[in-house]
Every structure is written in structure tokens, then in C-alpha cells.
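Predicted, not measured: the structure shown is a model, and the values here were computed from it. Every heavy atom of this structure was used, including side-chain atoms; hydrogens, water molecules and symmetry mates were not.
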Amino acid sequence: MDSNGQHFIIDAKECQAEILNDARLLEKLLTKEVSDLGMEILNTHFHSFLPHGVTGAIILSTSHFSIHTWPEHRYAALDL
């Protein structure tokens, strides 16, 4: 079995706050991108916080993708 892969931790700064605060839009955009890369999506879950922020996870057959956002700082942390 080939278990070679890559793991990325990304600190995304100066992002659009409106996108970072929209769980449905983030889920739509990110699941499309992951799917377009040919990865098999098993499940997704995105949650909005009040007054702002989103956390989300895309569970893949081979790994995961997660995002945590701080729209008030125009910042997102991604793990893929």
C-alpha cells in the first residue's frame, strides 16, 4: 500500500470576511474543489458561530480537510 502523501497547514491572511463568515458558501466552495481534485468525500460538517466564524470538516476516504475562520481578523486556518 502506498501511504505517501502531503500534509499542509495553511495560515490564510487578508481573506474576504464575508466568505469566511458564510458556512454554506464555504462548504459549497470547498467540497467542489476537493471533488474536482478527484478525492472521495465521505461526509461534511460546517458550523457557524455567533457573532462570527465558521469551523468545517470534509472527511475523505483517505484523510480530511478542515477550516477554522476568524472573519473579524480576515484569517482562516486550513489543515489538509
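To the nearest 0.5 Å, atoms CG (Leu30) and NZ (Lys28) are separated by 12.5 Å. In this structure, CG in Leu37 is found 10.0 Å from NZ in Lys32, a value given to the nearest 0.5 Å. For the atom pair CG (Asp79) and NE2 (His68), the distance works out to 7.0 Å, reported to the nearest 0.5 Å. Separation of atoms CD1 (Ile58) and OG1 (Thr44) is listed at 7.0 Å; rounding is to 0.5 Å. With rounding to the nearest 0.5 angstrom, the CE atom of Met39 is 11.0 Å from the CD atom of Glu33. Summarising the geometry, atom NE2 belonging to His7 is positioned 7.0 Å from atom OG belonging to Ser63; distances are rounded to the nearest 0.5 Å.
Placement of Phe46 and Leu25 within a single hydrophobic cluster is found when ILVMFWY residues are connected by side-chain heavy-atom separations under 4.5 Å, directly or transitively. Note on Ile59 and Leu26: separate hydrophobic clusters, where clusters join Ile, Leu, Val, Met, Phe, Trp and Tyr whose side-chain heavy atoms are under 4.5 Å apart, directly or indirectly. One hydrophobic cluster, built from ILVMFWY side chains closer than 4.5 Å, holds both Leu80 and Leu29. Connection of Phe49 to Ile67 is not established within any shared hydrophobic cluster, with ILVMFWY side chains joined at heavy-atom distances below 4.5 Å, either directly or through further cluster members.
Listed by chain and number, the residues in a side-chain hydrogen bond (donor to acceptor under 3.5 Å, both in side chains) with Thr62 amount to none (sequence neighbours excluded). Evaluation of the side-chain hydrogen bond (donor to acceptor under 3.5 Å, both in side chains) rule for His47 yields no partner, not counting sequence neighbours.
Nearest heavy atom pair, residue Gln16 against residue Ile19, reads OE1-CD1, 2.8 Å. When every heavy atom of Asn21 is checked against every heavy atom of Gly53, the shortest pair comes out as OD1-N, 2.7 Å. Scanning both residues, Ile41 and Thr31, for their nearest heavy atoms gives CD1-O, 3.6 Å.
A distance-only check finds no donor-acceptor pair linking the side chain of Asp11 to the backbone of Ala77 [under 3.5 Å]. In terms of modelled atom types and a separation under 3.5 Å, the side chain of Arg74 and the main chain of Cys15 share a donor-acceptor contact.
Side-chain contact between Leu78 and Phe8: absent, with no pair of heavy atoms (C-beta onward) separated by less than 4.5 Å. The closest side-chain heavy-atom distance from Val54 to Leu20 is not below 4.5 Å.
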